[in-house]
Amino acid sequence: MTSRRSFLKDSLAVMGSAFLPRFSLAMETDAQTIYDCIIIGAGPAGLTAARQLSQMSVKGKPLKILVLEGSNRIGGRMFTDRSLVDDFGSPVEQGAEYIHVAPGIAPIWDDVHRYQLEIKSYPKLLKGYLYNSEFLAPVPHSPLYSVGHLNFKILRSYRIFKDILNFDGSDISGAMFMKRMGYNGFTAESAETLLTGHLGAPLERVSMKGFQQDHLIAQLKGSHEYYVLGGYDSILRGMVKEISSPKILLNHSVTKIREQKNLIRAQVAGGGFFAARSMLCTASIGMLHSRNIDFGEYWTPQKEQALNYVMPAHQIKLSIRFKTRFWPQDMCMLNQLEKSERKAGKTYFVPHYKEEDKPPILTALLSGDDAKKLMHLSSMEIMQVVVSDLDRMFKTPTPISKKIAHKKDGAPIISCKKWIEDPFAKGGISYLQISDPKGSVAVQNARAALGQTIGQLFWAGEATSLVQQPASVHGAHSTGLRAASEIYNYLKTI
């Protein structure tokens with residue numbers, strides 16, 4: 001069994017020792033203090049709300065806030081692993097990688113500027129690469145094609161955006177939509193990547209009405225992705241430094257929520273409990289599906305109906321360090337569109353794009369069916385499948401397995417995260433699936449139903465995002481702002 005000292009050491013290696021003064025890893029219970037708000041979850045939504053509420057007052061008194069986090073770190077599915085800096089030359093983003101929208105479009109950029117963070121932009125429409133067996137090769141003997149060299153096939157595939165936006169009628173799956181549109185060849189491969197690549201949704205299950213509702217076309221058509229140098233969680237680290245009054249208790253999994261004497265109580269694993277005048281739940285969609293939290297009367301038939309539509313994705317992220325770079329110098333990401341050849345995921349990132357002083361790293365994102373079929377494999381076996389795909393795409397004289405960097409003990413330098421196996425996430429980002437209508441909730445209002453306030457219990461998290469795109473950090477962040485405003489207005493009335 002891992003000792004408390006060893007556990008604390010490992011936790012601080014991931015988070016950074018600067019967090020020690022504000023976090024408690026020891027189990028606590030507090031039956032005496034009445035908080036103004038208890039926040040379940042220390043991810044982007046929870047910490048955004050905590051930061052906002054901790055700087056507010058009601059009737060001249062600062063709000064008393066408590067954050068309960070089940071895991072041993074902050075961040076949720078924003079997981080900047082700082083324990084891997086020595087192996088990879090920088091923190092590894094095990095979860096969310098980029099800000100997907102341009103400056104000024106989402107309020108998360110206000111916090112980027114607030115904390116004076118440095119951003120590197122990835123021009124995905126100019127320096128992104130595609131793999132398709134029909135393409136001529138800018139890299140010798142490899143059918144890689146830069147989308148910066150637009151050709152007729154790529155221009156023709158842009159009709160998919162218009163087709164999706166113009167789709168009308170009864171809801172159908174992505175697979176049925178593609179069949180109805182008559183897509184084939186490269187256009188079909190591009191459509192499948194658009195509908196399933198980011199979300200991690202199975203093509204047979206992804207809802208076309210839901211895809212429209214989530215406004216994903218605007219995000220996917222963006223020309224750039226934005227990478228936070230020094231780690232995506234630098235945004236959350238900035239928030240923690242600003243949070244003045246609340247405690248952030250790690251290793252405190254909430255198991256039951258009940259109303260008692262006009263208060264709302266959260267019971268944690270081990271039997272302790274905390275009470276407050278209001279509560280905010282930011283549990284992931286995977287956690288809600290797991291039923292690990294008993295919400296009692298706060299879980300309504302409408303929320304149950306919403307779960308028929310809002311689903312957690314299967315997602316795996318695998319990062320590999322290589323001895324030398326074998327991909328084009330100007331490649332910042334790669335999409336593998338040849339379904340008949342693909343054994344692993346569709347998308348690859350280059351975290352150290354244009355940073356020649358850093359080691360060459362490729363990160364593979366496996367989503368949806370691609371991830372599900374490999375979930376039973378070990379990290380080493382998944383790496384071998386990914387490398388076999390890279391061999392087929394790049395056709396280098398030396399097998400790519402020979403190019404992998406190794407530690408002194410001979411182990412390859414890799415990092416693999418299976419989000420469905422994370423006990424505090426139980427899956428990746430959310431997507432809307434096609435389902436038979438049940439009750440008053442339809443796919444178009446499933447996220448709104450999931451985020452609806454019930455009594456003193458408020459809801460946030462990317463799965464409840466309506467204004468900004470769900471399935472994103474900027475979406476989760478926006479729900480934290482929205483929830484903080486709702487809670488503040490509620491507390492002023494009691």
Side-chain angles (χ1 to χ4, degrees), residues 122-164 174-175 177-204 206 216-217 219-225 316 318 320 325-350 353 362-371 373-374 385-397 399-400:
Y122 283 61
K124 61 182 179 181
L125 290 183
L126 294 175
K127 301 302 181 184
Y129 273 70
L130 303 174
Y131 172 86
N132 180 279
S133 59
E134 299 177 16
F135 287 153
L136 297 175
V139 178
H141 312 300
S142 173
L144 288 169
Y145 200 96
S146 170
V147 296
H149 310 131
L150 290 175
N151 69 356
F152 178 70
K153 281 181 176 292
I154 294 174
L155 287 172
R156 189 174 62 183
S157 72
Y158 271 57
R159 64 174 270 209
I160 302 167
F161 293 129
K162 186 176 180 179
D163 290 343
I164 292 173
F177 169 79
M178 288 173 54
K179 183 177 181 181
R180 184 177 293 182
M181 293 295 106
Y183 296 155
N184 55 55
F186 177 74
T187 304
E189 293 165 354
S190 299
E192 181 177 351
T193 298
L194 284 174
L195 293 171
T196 68
H198 171 70
L199 291 177
L203 190 63
E204 299 287 344
V206 63
L216 289 167
I217 289 297
Q219 177 177 305
L220 294 171
K221 287 179 72 174
S223 62
H224 287 70
E225 301 277 13
I316 301 173
L318 176 77
I320 308 175
R325 175 179 52 78
F326 56 86
W327 52 89
Q329 186 176 10
D330 66 345
M331 188 181 90
C332 65
M333 58 184 65
L334 166 67
N335 279 292
Q336 212 284 33
L337 300 184
E338 190 63 51
K339 187 174 182 179
S340 63
E341 296 183 16
R342 189 176 68 243
K343 305 299 182 185
K346 303 179 184 72
T347 305
Y348 296 81
F349 307 128
V350 183
Y353 169 64
L362 270 185
T363 296
L365 174 63
L366 291 74
S367 295
D369 291 332
D370 292 333
K373 68 185 180 184
L374 301 182
V385 176
V386 168
V387 166
S388 70
D389 271 7
L390 293 173
D391 276 324
R392 275 188 289 273
M393 287 188 284
F394 287 92
K395 297 178 173 58
T396 60
I400 287 174

Worksheet, complete the sentence: Separation between CD (Glu225) and NZ (Lys124), nearest 0.5 Å, reads 4.0 Å

Worksheet item: When rounded to the nearest 0.5 angstrom, what is the spacing between CE in Met331 and OH in Tyr129?
Response: 8.0 Å

Fill in: Lys343 backbone acceptor or donor facing Asp389 side chain under 3.5 Å
yes

Fill in: Ile217 side, atom CD1; Leu194 side, atom CG - distance, nearest 0.5 Å
6.0 Å

Worksheet item: What do the steps show when you test Leu337 against Phe186 for side-chain contact (heavy atoms from CB on, under 4.5 Å), and what is the final call?
Response: CA-CA 8 Å; Leu337 300 184; Phe186 177 74; 3.4 Å; yes

Worksheet item: Any idea which heavy atoms bring Pro202 and Asp369 closest together, and the distance?
Response: CB-OD1, 3.6 Å

Worksheet item: So how far is it from Tyr348 OH to Thr363 OG1, rounded to the nearest 0.5 Å?
Response: 11.0 Å

Item to complete: Evaluate side-chain contact (heavy atoms from CB on, under 4.5 Å) for Trp327 paired with Met393, printing each intermediate quantity in order.
Response: CA-CA 10 Å; Trp327 52 89; Met393 287 188 284; over 6 Å; no

Worksheet item: Which heavy atom of Glu189 sits nearest a heavy atom of Lys339, and at what distance?
Response: OE2-N, 4.2 Å

Item to complete: Evaluate the side-chain contact (heavy atoms from CB on, under 4.5 Å) criterion for residues Asp163 and Phe177: first the C-alpha distance (whole Å), next the side-chain angles of each, then the deciding distance (0.1 Å), finally the verdict.
Response: CA-CA 9 Å; Asp163 290 343; Phe177 169 79; 3.9 Å; yes

Practice prompt. To the nearest 0.5 Å, tell me how far Ile160 CD1 sits from Thr193 OG1.
Written response: 8.5 Å

Worksheet item: Got Thr196 and Lys346 here, is their nearest side-chain heavy-atom distance under 4.5 Å?
Response: yes

Discussion item. If I compare all heavy atoms of Gly345 with all of Gln336, which pair ends up nearest, and what's the gap?
Written reply: O-CB, 4.1 Å

Discussion item. Tell me if a side-chain donor or acceptor on Lys395 pairs with a main-chain N or O of Arg392 at a distance below 3.5 Å.
Written reply: yes

Item to complete: Grab the two heavy atoms, one from Met178 and one from Ala188, that are nearest each other, plus how far apart they are.
Response: CE-O, 3.3 Å

Worksheet item: Under 3.5 Å, side chain of Tyr122 to main-chain N/O of Val350, donor-acceptor pair present?
Response: yes

Worksheet item: Got Ile164 and Leu195 here, is their nearest side-chain heavy-atom distance under 4.5 Å?
Response: yes

Fill in: Geometric class of the Phe394/Phe326 ring pair [parallel <30°, tilted 30-60°, perpendicular >60°]
perpendicular

Worksheet item: For Gly197 and Ser367, which heavy atoms make the closest approach, and how far apart are they?
Response: O-OG, 3.6 Å

Discussion item. Tell me the closest heavy-atom pair linking Arg342 and Ala344, and the distance in Å.
Written reply: CG-O, 3.4 Å

Worksheet entry | Full working for side-chain contact (heavy atoms from CB on, under 4.5 Å) between Leu334 and Leu362 | CA-CA 10 Å; Leu334 166 67; Leu362 270 185; over 6 Å; no

Worksheet entry | Val387 and Ile320, any side-chain heavy atoms less than 4.5 Å apart | yes

